[in-house]
Amino acid sequence: MNKITIIGTGSVGSTIAYTLTLWGIASEIVMIDINNEKALGEALDIRQGVAFCNPCSIYAGSYSDAAGSDIVIITSGVARKPGQSRLELAQTNIDIIKSIIPEITRYAPEAVYLLVSNPVDILTYVFCKRSGIPEERIIGSGTALDTARLRSRLSEYYSISQNNVHAYVLGEHGDSAFIPWSLANISNVPIEECYNSFTGNQMMPQLSYEEVEEYVKKSGACVIERKGATFYAVSISVCHICKCLLNRVDSTLTVSTMMHGEYGVNDVCLSTLNTVGNMGIRNKVMLPLNDTEIKALHNSAEKLKEIIRNTNI
């Protein structure tokens, strides 16, 4: 019996609720929004299809209904507009998160908090600093989606299942994110050797690192430009994080957490590889990054710290 509360029932929050229901991850889903009519409508729409899914009680509620939640997912905030960076949203969404924190933690002090709203690294930091919730139970969705986009693009390059692609995006969920190419591989073949290592009739293309990096960084903006918002892929990635949190077997994910000296980075939230298990972060996985990659991580941390210094946390 798993209970998940979702705060914010816009496109992302509602699609998360829908995907959680389809996947049978939760037996109870509470949807909370400042616009209660919207929450009521979204919950009703999903609930009317539950007869064809695993049993699930899904309803609109208030903060008090979050009591007993295993996971609280926060998607509230102003959406990113075409041409707008995630970090330009910072102060508005910081203020929204600050107003939510005392309301939700009062009723769900034992939950794992999963931050999805952008800029996700900044909001995860705010939640760590202001909520009183142990840091191992505060997670930003971070670069989990960016990593999925990277693996998707590499699988297209080599016409192979994404399950065989092992590569990560680290740092900020935003413009300063980077790919540690030294660790990228397909079925244990280093990415730089794949062109010569795959034999047979199918000709492997020469990988363009720049093209792949551009694809990963611009994917969200491209979707927003074409359809106005991103919500399917981010919802799937969030539901995957939830599944890992509720599993008894730990998984590794690139999610945003507070840094305490790892790789020489302190007092900022950004994405590195973490072990995620039953109800929280187990530990950080110290990847063997090279000097260039560590420098890129430090650059990402500094970009985020600049925002923190210039906003009212």
How about [X] and [Y]: do any of their side-chain heavy atoms sit closer than 4.5 Å?
X	Y	value
Asp70	Val112	no
Leu22	Cys53	yes
Tyr168	Leu150	no
Pro288	Leu183	yes
Ile100	Tyr63	yes
Leu154	His166	no
Asn93	Ile96	yes
Tyr158	Leu207	yes

For a quick test of reading the model, state the closest non-hydrogen atom pair linking [X] to [Y] and the distance between them.
X	Y	result
Ser11	Phe231	CB-CD2, 3.4 Å
Thr19	Ser235	OG1-CB, 4.3 Å
Val50	Thr21	CG2-CG2, 3.9 Å
Ala108	Val72	CB-CG2, 4.2 Å
Ser152	Ser155	O-OG, 2.8 Å
Ile32	Ser62	CD1-O, 3.4 Å

Hey, what do you get for [atom1] ([X]) to [atom2] ([Y]), rounding to the nearest 0.5 Å?
X	Y	atom1	atom2	value
Ile236	Trp23	CD1	CH2	6.0 Å
Asp175	Ser300	CG	OG	9.5 Å
Glu136	Ile281	CD	CD1	9.5 Å
Arg130	Ile94	CZ	CD1	10.0 Å
Ile25	His240	CD1	NE2	9.5 Å
Leu114	Ile73	CG	CD1	5.5 Å

Any pair counted as ring-ring contact (aromatic ring centres under 6.0 Å, His included), so long as it reaches residues 94-137, sequence neighbours left out | Tyr113-Phe127
In the single-linkage hydrophobic clustering (I, L, V, M, F, W, Y; side-chain heavy atoms under 4.5 Å), do [X] and [Y] co-cluster?
X	Y	result
Met258	Val285	yes
Val212	Val223	no
Ile179	Tyr195	yes
Tyr209	Ile160	yes
Val265	Ile308	yes

Any donor-acceptor pair under 3.5 Å from [X] side chain to [Y] backbone:
X	Y	answer
Glu172	Ser176	yes
Tyr263	Leu287	yes
Asn247	Val249	no
Thr254	Ser271	no
Glu135	Cys128	no
Arg137	Pro109	yes
Thr143	Val169	yes
Ser14	Thr9	yes
Asn164	Ser187	no
Arg47	Ile58	yes

Determine, stepwise, if the pair Glu293 / Ser182 fulfils side chain to side chain donor-acceptor pair (under 3.5 Å).
-> CA-CA 9 Å; Glu293 292 159 354; Ser182 69; 2.8 Å; yes
Answer yes or no: are there more than 12 heavy-atom neighbours, outside [X] itself, under 6.0 Å from its atom [atom1]?
X	atom1	result
Arg226	CZ	no
Asp291	CG	no
Leu44	CG	yes
Met1	CE	no

Kindly indicate, with the supporting measurements, whether the criterion salt bridge (charged side-chain N to carboxylate O under 4.0 Å, His left out) is fulfilled by Asp65 and Lys3.
-> CA-CA 11 Å; Asp65 293 303; Lys3 181 175 181 179; over 6 Å; no
Could you walk me through whether Ile139 and Leu253 pass the side chain to side chain contact (heavy atoms under 4.5 Å, CB included) test, one step at a time?
-> CA-CA 11 Å; Ile139 303 171; Leu253 297 170; over 6 Å; no
Using 4.0 Å as the upper bound for N to carboxylate O, is an ion pair formed by Glu156 and Arg153?
-> yes
Quick one: which of Ile7, Ile74, Val234 gives a side-chain contact (heavy atoms from CB on, under 4.5 Å) with Val116?
->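 Filter result, single survivor: Val234.
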Leu145 and Thr230: side chain to side chain contact (heavy atoms under 4.5 Å, CB included), yes or no, with the steps?
-> CA-CA 11 Å; Leu145 174 56; Thr230 62; 5.8 Å; no
Evaluation steps, side chain to side chain contact (heavy atoms under 4.5 Å, CB included), between Cys239 and Ile16 | CA-CA 7 Å; Cys239 290; Ile16 289 171; 4.2 Å; yes
For Lys284, which of Thr257, Thr272, Thr252 qualifies under side-chain hydrogen bond (donor to acceptor under 3.5 Å, both in side chains)?
->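 With Lys284 as partner, Thr257, Thr272, Thr252 yield a single side-chain hydrogen bond (donor to acceptor under 3.5 Å, both in side chains), made by Thr257.
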Can you name the one residue among Asp121, Thr124, Asp146 that meets side-chain hydrogen bond (donor to acceptor under 3.5 Å, both in side chains) with His173?
-> Asp146
Decide salt bridge (charged side-chain N to carboxylate O under 4.0 Å, His left out) for Lys38 and Asp33; before the verdict, give the C-alpha distance in whole Å, the side-chain angles of both, and the deciding distance to 0.1 Å.
-> CA-CA 7 Å; Lys38 176 73 159 58; Asp33 198 285; over 6 Å; no
With a 3.5 Å cut-off and no angle check, do the side chains of Thr105 and Ser131 form a donor-acceptor pair?
-> no
Intermediate values then yes/no, side chain to side chain contact (heavy atoms under 4.5 Å, CB included), Leu297 and Phe178 | CA-CA 8 Å; Leu297 188 67; Phe178 71 99; 3.8 Å; yes
